[in-house]
Undergrad: 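Would you mind keeping the following structure in view while I ask a few things?
Note that this is a predicted model, so its numbers are computed, not measured.
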Amino acid sequence: MVKTAQSVWENCLLFIKDNIQDQAYKTWFEPIRAVELTDNALYIQVPSKFFYEWLEEHYVKLLKVALTKELGNSAKLLYKIKMENTYGNKQPFTEQLPSAHRAPVKPQEVDFPLQNKNPELKNPFVIPGIRNLKIDSQLNANYSFDNFFEGDSNRLARSAGLAVANKPGGTSFNPLLIFGGVGLGKTHLVHAIGIDIKDKYPDKTVLYISAEIFTQQYIDSVKRNTRNDFIHFYQLIDVLIIDDVQFLSGKTGTQDVFFHIFNHLHQNGKQVILTSDKAPVDMQDIEQRLLSRFKWGLSAELHQPDYETRISILNNILYRDGVEMPQEIIEYVARNIKSNVRELEGAIISLIAQSSFNHREVTLDLAKQVVEKFVKNIKREISIDYIQKVVSDYFQLDIDTLKSKTRKRHVVQARQLAMFFAKKFTKASLANIGSQIGDRDHATVLHACKTVDNLVTTDKQFRKFVDDINKKLSV
Ligand code: ADP
Ligand code: MG
């Protein structure tokens with residue numbers, strides 16, 4: 001059989017997949033495309049320079065073994081870097097700061113809008129007469145890189161954060177969007193980036209702000225007729241960090257002003273860092289032009305921490321508080337609290353408190369009681385597989401039929417219901433739901449959710465289906 005770039009690469013992937021963790025495989029190898037095979041050299045296309053550097057740093061040995069198996073000792077691997085979301089005539093991976101060619105922005109005298117202690121000043125954002133007034137960055141010193149533990153679940157986001165901190169505005173990760181569920185470390189990570197930048201570049205103005213406060217400030221500025229000052233203030237920031245941008249959903253005025261600020265900062269080589277509880281494709285009621293801006297840079301997901309990371313987070317908290325705890329207890333907590341770092345912290349701190357205040361020794365029994373309290377409050381995560389099973393049982397279909405391509409009406413309906421409940425009961429993205437339920441795309445899932453919403457209000461029989469299945473899934 002003639003070897004092609006694709007066939008060679010597919011075989012390499014089979015080997016690689018067997019040798020690394022699933023998450024790492026998905027993050028680093030699934031996005032790669034094999035493009036060419038000439039003279040025993042395989043060209044692979046990677047989405048960014050960062051990607052290439054990462055592969056070289058972490059997986060070069062594995063790649064070499066895989067490729068040598070396929071092409072022999074003279075095998076060569078070459079990279080092509082392709083950035084999808086470049087715009088205009090900007091070259092992919094020009095690493096230089098666009099602002100290098102411009103006159104530097106003159107130091108301005110500014111104050112943080114909400115911190116203005118001088119309400120009678122006409123312009124709330126500028127205090128005249130104070131030179132080089134520093135903006136308070138609003139960063140929390142407790143959230144640094146030093147105490148942000150690395151694991152498979154956060155490696156991409158963390159290292160992209162470090163790259164941005166080394167060269168704010170000077171990488172292709174602009175904006176950098178960190179997304180993921182509650183309590184997975186988004187806020188912590190963006191503070192860490194801000195703190196690191198302040199350390200390395202004391203002259204840069206860094207500002208952390210939640211999207212909620214940003215919105216309030218904007219509304220206030222409209223009321224007080226100082227909208228331009230508001231915009232002007234934000235346009236002076238070198239590194240703007242906005243937390244929880246999903247909060248902007250449906251708020252068109254704030255989105256509009258943010259769009260202008262974003263464009264100005266971006267064009268001037270300033271860094272924008274955002275967090276959100278969803279991936280851009282899953283954000284609702286955010287204007288398309290803003291979403292497309294979010295995609296210019298890098299979106300990095302924080303996943304649920306794996307077991308090793310959970311252990312190291314626990315150990316670190318214990319170390320920080322100077323407490324010792326038997327290994328079996330630590331392992332017990334790490335095994336049983338999986339979904340988020342905040343709960344993990346809560347459980348171990350509660351154990352520490354129990355033992356130090358009540359002078360109780362921490363036994364496995366005590367750990368069980370504490371963990372139970374935490375786990376009970378956590379809605380048990382229902383899997384998409386489980387939902388598909390419940391839905392197909394209900395309609396007496398088998399799962400394969402549900403997942404199949406058939407357009408028979410009753411199957412389509414069952415499939416749409418499975419998608420609807422997957423959206424309702426899991427934290428999976430639309431794209432992820434689609435890929436698990438019959439390999440559909442995110443638009444299909446979105447359509448399914450809307451169809452179900454509509455039918456529930458118009459069709460009594462259908463409503464009963466929904467209620468029945470809902471009950472089965474809720475117990
Ligand atoms: P989010 O903003 O995603 O809801 P936070 O950043 O508020 O989550 O994190 C919740 C808690 O978990 C914080 O106390 C944070 O310090 C801690 N945390 C999250 N991820 C990590 C990590 N990788 N290492 C150490 N602490 C973490
Ligand atoms: Mg947060």
Side-chain angles (χ1 to χ4, degrees), residues 1-98 100 152 155-160 162-164 166-167 170-177 279-281 292 294-301 303 431-432 434-435 439-442:
M1 205 180 92
V2 185
K3 284 185 172 163
T4 64
Q6 278 72 27
S7 71
V8 169
W9 183 238
E10 268 165 31
N11 289 337
C12 287
L13 283 182
L14 288 176
F15 176 76
I16 290 166
K17 198 168 182 179
D18 272 347
N19 283 285
I20 62 173
Q21 292 214 7
D22 209 33
Q23 193 56 57
Y25 178 81
K26 282 199 185 117
T27 306
W28 300 109
F29 291 94
E30 278 186 359
I32 297 175
R33 300 280 161 266
V35 284
E36 197 184 319
L37 182 66
T38 17
D39 299 333
N40 235 18
L42 177 70
Y43 288 79
I44 57 174
Q45 179 181 300
V46 295
S48 71
K49 182 168 166 232
F50 172 73
F51 229 89
Y52 147 75
E53 287 167 357
W54 187 272
L55 289 170
E56 282 285 291
E57 202 178 317
H58 295 88
Y59 298 111
V60 72
K61 282 197 192 124
L62 184 63
L63 280 163
K64 187 158 190 237
V65 176
L67 205 64
T68 312
K69 261 166 52 95
E70 288 307 302
L71 296 174
N73 277 331
S74 64
K76 259 194 290 189
L77 182 68
L78 295 160
Y79 298 85
K80 290 193 172 179
I81 297 169
K82 173 168 184 244
M83 251 235 304
E84 266 173 26
N85 299 309
T86 48
Y87 60 97
N89 55 5
K90 196 177 167 208
Q91 286 295 305
F93 291 98
T94 40
E95 288 259 309
Q96 83 223 129
L97 279 164
D152 267 0
R155 194 159 283 131
L156 171 66
R158 184 178 172 281
S159 49
L162 280 167
V164 165
N166 283 331
K167 252 181 159 190
T171 67
S172 45
F173 311 149
N174 199 7
L176 174 64
L177 172 71
V281 287
S292 87
F294 292 172
K295 293 178 196 158
W296 278 358
L298 177 79
S299 306
E301 181 166 7
H303 300 269
N432 190 341
S435 76
D439 202 15
R440 307 302 209 275
D441 64 10
H442 84 275

Undergrad: Could you give the side-chain donor-acceptor pairs of residues 65-78 under 3.5 Å, partners two or more places apart or in another chain?
TA:
unit_1, atom_1, unit_2, atom_2, d
T68, OG1, K64, O, 2.5
E70, OE1, N11, ND2, 3.1
S74, OG, N40, ND2, 2.7

Undergrad: Testing Y79, Y43, W9 one by one against V35 for a side-chain contact (heavy atoms from CB on, under 4.5 Å), which residue passes?
TA: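 Of all the options given, the one that passes is Y43.
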Undergrad: As a quick check of understanding, evaluate side-chain contact (heavy atoms from CB on, under 4.5 Å) for V164 and L298, giving each step before the final call.
TA: CA-CA 11 Å; V164 165; L298 177 79; over 6 Å; no
Undergrad: Rounded to the nearest 0.5 Å, how far apart are CG of N19 and OH of Y25?
TA: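 Rounded to the nearest 0.5 Å, the CG-OH separation comes to 11.5 Å.
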Undergrad: Taking atom CZ of R155 and atom NE2 of H58, what is their separation to the nearest 0.5 Å?
TA: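 With rounding to 0.5 Å, CZ (R155) is 6.5 Å from NE2 (H58).
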Undergrad: Shortest non-hydrogen contact from A431 to H442?
TA: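 Residues A431 and H442, closest heavy atoms: N-CB, 3.6 Å.
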Undergrad: Under 4.5 Å between any side-chain heavy atoms of I16 and L63, yes or no?
TA: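 The answer is yes, as the side chains (C-beta and beyond) meet within the 4.5 Å cut-off.
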Undergrad: Could you grab the distance from atom CD1 of I44 to atom CG of L37, nearest 0.5 Å is fine?
TA: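 Separation between the atoms: 12.5 Å.
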Undergrad: Starting at CG of N166, measure out to OG1 of T171 and round the result to the nearest 0.5 Å.
TA: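 It comes to 9.5 Å.
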Undergrad: Output the distance between atom CD (E30) and atom CZ (R33), rounded to the nearest 0.5 Å.
TA: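 Here the interatomic distance stands at 8.5 Å.
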Undergrad: Let me confirm one number: the NZ-CG distance from K167 to L162, rounded to the nearest 0.5 Å.
TA: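 One gets 14.5 Å once the value is rounded to the nearest 0.5 Å.
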Undergrad: Could you tell me how the ring of F29 sits relative to the ring of Y59: parallel (under 30°), tilted (30 to 60°) or perpendicular (over 60°)?
TA: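 Plane angle over 60°, so perpendicular.
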Undergrad: Apply side chain to side chain contact (heavy atoms under 4.5 Å, CB included) to N432 and list each qualifying residue two or more places apart in sequence or on a separate chain.
TA: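 Side chain to side chain contact (heavy atoms under 4.5 Å, CB included) list for N432, sorted by chain: A428, S429, S435, Q436.
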Undergrad: What's the shortest heavy-atom distance between A157 and A300, and which atoms?
TA: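 For A157 and A300, the tightest heavy-atom pair comes out as CA-CB, 3.6 Å.
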